[in-house]
Amino acid sequence: EAREQDFPHISQSGRPPERFHCITMGQAALAIGSEDKLPDVIDEKTARDFCGKCFDEGDWEVLAGKEGLLKKQTFLNTIQIRNHAPSIVTWLEFWRIDELAERFIELEVMSADDLLDISPTILQKFKDSIKSVQKKHFEKAMAHAAYLKVKPVGYMPWRPFALEMWLESWRLQRILPGLIVHGIDVKEDIPDF
């Protein structure tokens, strides 16, 4: 199957093998109660170990500042916010590749875990067409998408009321223009159509 070929860290059972930990969020992140084991003040090494390939130097520098330290709760809140992005555009903004949003929508990628469903050929063409810095950010985003796929942490656990976000959550954003033409502005208008 293409998915296993492209992402060998995801098995048919949906459970990650041990080597999965080094591909995504780091070994500590998937362990039960891992957040409780973190120290009250997080240094860069601890953050890197916890986040693995999802560690982002830019975020760390902004959040940790000159001291290079971060309160545990601030660190965990940052991870929670990223894990619960309300839309694909917001999620792409977290990884600083939101300029690629239209291209993601063309590929019908409406949530992070949709990335893992793209055929290897299309995915490779996409990666080949983006700039070098975008590729680095995209690899981090892919690692995070794999993490979200294997350990659902509530990524879009609700279906938002805003029409665009609701359609996006169901991977139907392409029908938005047709709905707007008919005066449908919120999802509650659909039954009246």
Task: Leu76/Leu38 under side-chain contact (heavy atoms from CB on, under 4.5 Å): CA gap, chis, key distance, verdict - done: CA-CA 10 Å; Leu76 293 176; Leu38 288 169; 3.8 Å; yes

TODO: Using modelled atom types only, decide if a donor and an acceptor are shared between the side chain of Lys72 and the backbone of Glu35 within a distance under 3.5 Å.
DONE: yes

TODO: Would you check if the side chain of His137 reaches a backbone N or O of Trp95 as a donor-acceptor pair within less than 3.5 Å?
DONE: yes

Would a 4.5 Å heavy-atom cut-off, applied to side chains only, mark [X] and [Y] as touching?
{"X": "Leu70", "Y": "Asp43", "value": "no"}
{"X": "Leu172", "Y": "Arg174", "value": "yes"}
{"X": "Ile105", "Y": "Glu102", "value": "no"}
{"X": "Ile184", "Y": "Ile180", "value": "no"}
{"X": "Phe94", "Y": "His144", "value": "no"}

Within 6.0 angstrom of [X] [atom1], more than 12 heavy atoms from elsewhere:
{"X": "Asp40", "atom1": "CG", "value": "no"}
{"X": "Lys125", "atom1": "NZ", "value": "no"}
{"X": "Glu57", "atom1": "CD", "value": "yes"}

For the student: nearest non-hydrogen atoms of [X] and [Y], plus distance:
{"X": "Leu116", "Y": "Ala145", "result": "CD1-O, 3.8 Å"}
{"X": "Val89", "Y": "Ala101", "result": "CG2-CB, 4.1 Å"}
{"X": "Gln134", "Y": "Leu100", "result": "NE2-CD2, 3.7 Å"}
{"X": "Cys51", "Y": "Ile79", "result": "SG-CD1, 4.2 Å"}
{"X": "Phe75", "Y": "Ala47", "result": "CE1-CB, 3.7 Å"}

With sequence neighbours left out, what residues match [X] under salt bridge (Lys or Arg N to Asp or Glu O under 4.0 Å)?
{"X": "Lys127", "answer": "Glu139"}
{"X": "Glu44", "answer": "Arg48"}
{"X": "Lys66", "answer": "none"}
{"X": "Glu99", "answer": "none"}

Could I get the full list of side chain to side chain donor-acceptor pair (under 3.5 Å) partners for [X], not counting sequence neighbours?
{"X": "Asp56", "answer": "Arg96, Lys140"}
{"X": "Thr78", "answer": "none"}
{"X": "Arg103", "answer": "Ser129"}

Task: Inter-residue atom distance Thr90.OG1 - Asp98.CG, 0.5 Å rounding - done: 9.5 Å

Task: Stepwise side-chain contact (heavy atoms from CB on, under 4.5 Å) test for Asp114 and Asp117 - done: CA-CA 5 Å; Asp114 285 349; Asp117 296 329; 4.3 Å; yes

Using side chain to side chain contact (heavy atoms under 4.5 Å, CB included) as the criterion, list what pairs up with [X], not counting sequence neighbours.
{"X": "Ile122", "answer": "Leu107, Ile118, Ser119"}
{"X": "Ala64", "answer": "Trp60"}
{"X": "Pro177", "answer": "none"}

Task: For Phe126, all residues meeting ring pair (Phe, Tyr, Trp, His ring centres under 6.0 Å), sequence neighbours excluded - done: Phe104, Phe138

Open item on the list: Taking transitive links into account, so neighbours of neighbours count too, which hydrophobic residues share a cluster with Val41 at under 4.5 Å side-chain distance?
Closed with: Leu69

